[in-house]
Amino acid sequence: MEEQELLTLIEDGDPKALEHIYLKFFGQLSYYAFKLVNDAEAAKDIVSGILVKTAEQPKHFDSFLHLKNYLFLVTRHASFRWLGQLKKEQLSLNELQLVGDDYDWQSEVEQVRARVAAAAHEQINLLPKGCAEVFRMIYFEGRDTAEVVKILHISTKTVLNQKQTAVKLLRAALLKQGLLALFILFWGDL
């Protein structure tokens, strides 16, 4: 779905907006919320509530970037509210303020990390099937070349070629988007 179509669905209060918002943002926002609250289920609950509320209450967004920034900001505030409720009995008001201050700079970094991770996963999904499969096994599952050869029943040379092609294509795509340096900063060189 085109970005402008999604903005129109939201503005019109169309029920289809929820599905599209969910598919587009749930992963990124859940990761971001998890980094703030350190509780996977709570993060998913926070984000689900935000996405439902955004889809159900017609709202005008000037651009897709405006929508994205709004969702990250609302997720951040909702996460801090959740933390506040969790810590209410344990922390004094001053300590609670310190927790918010400590997370402030980290939340900015995690927001960027979530965006870079989403862009990388999007590009990996666009790789040729064999390249993507080899790349995931080596970089995400931590398998070595010999394991991949055994599992996929292909030659070592094929695994190395698929890996090299995947890395080359992913590097080019991330460089084109201006995200390669951030990817390397967060996760190391490909």
Side-chain angles (χ1 to χ4, degrees), residues 1-91 93-126 170 173-183 185-187:
M1 165 171 281
E2 293 295 321
E3 293 174 355
Q4 192 55 46
E5 290 177 87
L6 178 56
L7 296 176
T8 303
L9 288 176
I10 295 168
E11 190 170 351
D12 294 343
D14 191 311
K16 290 186 255 176
L18 177 60
E19 178 184 352
H20 295 289
I21 292 173
Y22 184 89
L23 291 172
K24 194 79 171 163
F25 294 106
F26 184 78
Q28 293 178 56
L29 294 173
S30 293
Y31 176 82
Y32 180 54
F34 172 73
K35 287 301 191 173
L36 295 173
V37 301
N38 200 28
D39 183 321
E41 289 306 311
K44 289 176 186 175
D45 290 344
I46 289 167
V47 171
S48 293
I50 289 167
L51 296 179
V52 167
K53 194 172 187 177
T54 301
E56 288 179 346
Q57 295 178 349
K59 188 178 290 276
H60 174 75
F61 293 99
D62 296 327
S63 66
F64 189 74
L65 181 60
H66 181 206
L67 169 63
K68 182 185 273 189
N69 289 339
Y70 168 81
L71 290 173
F72 273 99
L73 181 65
V74 172
T75 300
R76 179 179 174 192
H77 288 285
S79 297
F80 287 148
R81 275 194 307 277
W82 185 86
L83 282 171
Q85 291 169 351
L86 181 68
K87 304 286 183 182
K88 193 173 187 178
E89 293 178 7
Q90 302 168 4
L91 299 174
L93 187 56
N94 289 340
E95 290 171 325
L96 186 57
Q97 180 60 40
L98 289 175
V99 169
D101 291 345
D102 287 345
Y103 277 110
D104 192 40
W105 68 270
Q106 290 176 333
S107 68
E108 298 293 325
V109 172
E110 292 307 328
Q111 184 176 355
V112 171
R113 186 188 305 252
R115 288 180 181 174
V116 173
H121 282 286
E122 187 176 307
Q123 291 304 316
I124 291 165
N125 290 335
L126 296 175
L170 185 57
L174 291 174
L175 183 62
K176 185 176 178 182
Q177 295 179 22
L179 299 174
L180 181 59
L182 289 171
F183 183 90
L185 175 69
F186 290 133
W187 294 286

Would you say [X] and [Y] make side-chain contact, with heavy atoms under 4.5 Å?
X: Leu6; Y: Leu67; result: yes
X: Ile46; Y: Leu29; result: no
X: Lys44; Y: Phe26; result: yes
X: Glu110; Y: Tyr31; result: yes
X: Glu5; Y: His20; result: no

Least distance between heavy atoms, [X] atom then [Y] atom:
X: Ile10; Y: Thr54; result: CG2-O, 4.0 Å
X: Leu170; Y: Ala120; result: CD1-O, 4.0 Å
X: Val47; Y: Ala33; result: CG2-CB, 4.1 Å

[atom1]-[atom2] distance between [X] and [Y], expressed to the nearest 0.5 angstrom:
X: Ser30; Y: Glu41; atom1: OG; atom2: CD; result: 10.0 Å
X: Arg115; Y: Gln177; atom1: CZ; atom2: CD; result: 13.0 Å
X: Ile50; Y: Tyr70; atom1: CD1; atom2: OH; result: 8.5 Å
X: Thr75; Y: Leu51; atom1: OG1; atom2: CG; result: 7.0 Å
X: Leu7; Y: Glu2; atom1: CG; atom2: CD; result: 11.0 Å
X: Thr8; Y: Glu3; atom1: OG1; atom2: CD; result: 12.0 Å

message = If the threshold is 4.0 Å, N to carboxylate O, is there a salt bridge linking Lys16 and Glu19?
response =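 No.
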ask   = Considering residues at least two apart in sequence or located in another chain, which fulfil the side-chain hydrogen bond (donor to acceptor under 3.5 Å, both in side chains) criterion with Glu11?
value = His60
Under the side-chain hydrogen bond (donor to acceptor under 3.5 Å, both in side chains) test, residues paired with Asp45 that sit two or more places apart =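 Asp45 satisfies side-chain hydrogen bond (donor to acceptor under 3.5 Å, both in side chains) with no other residue.
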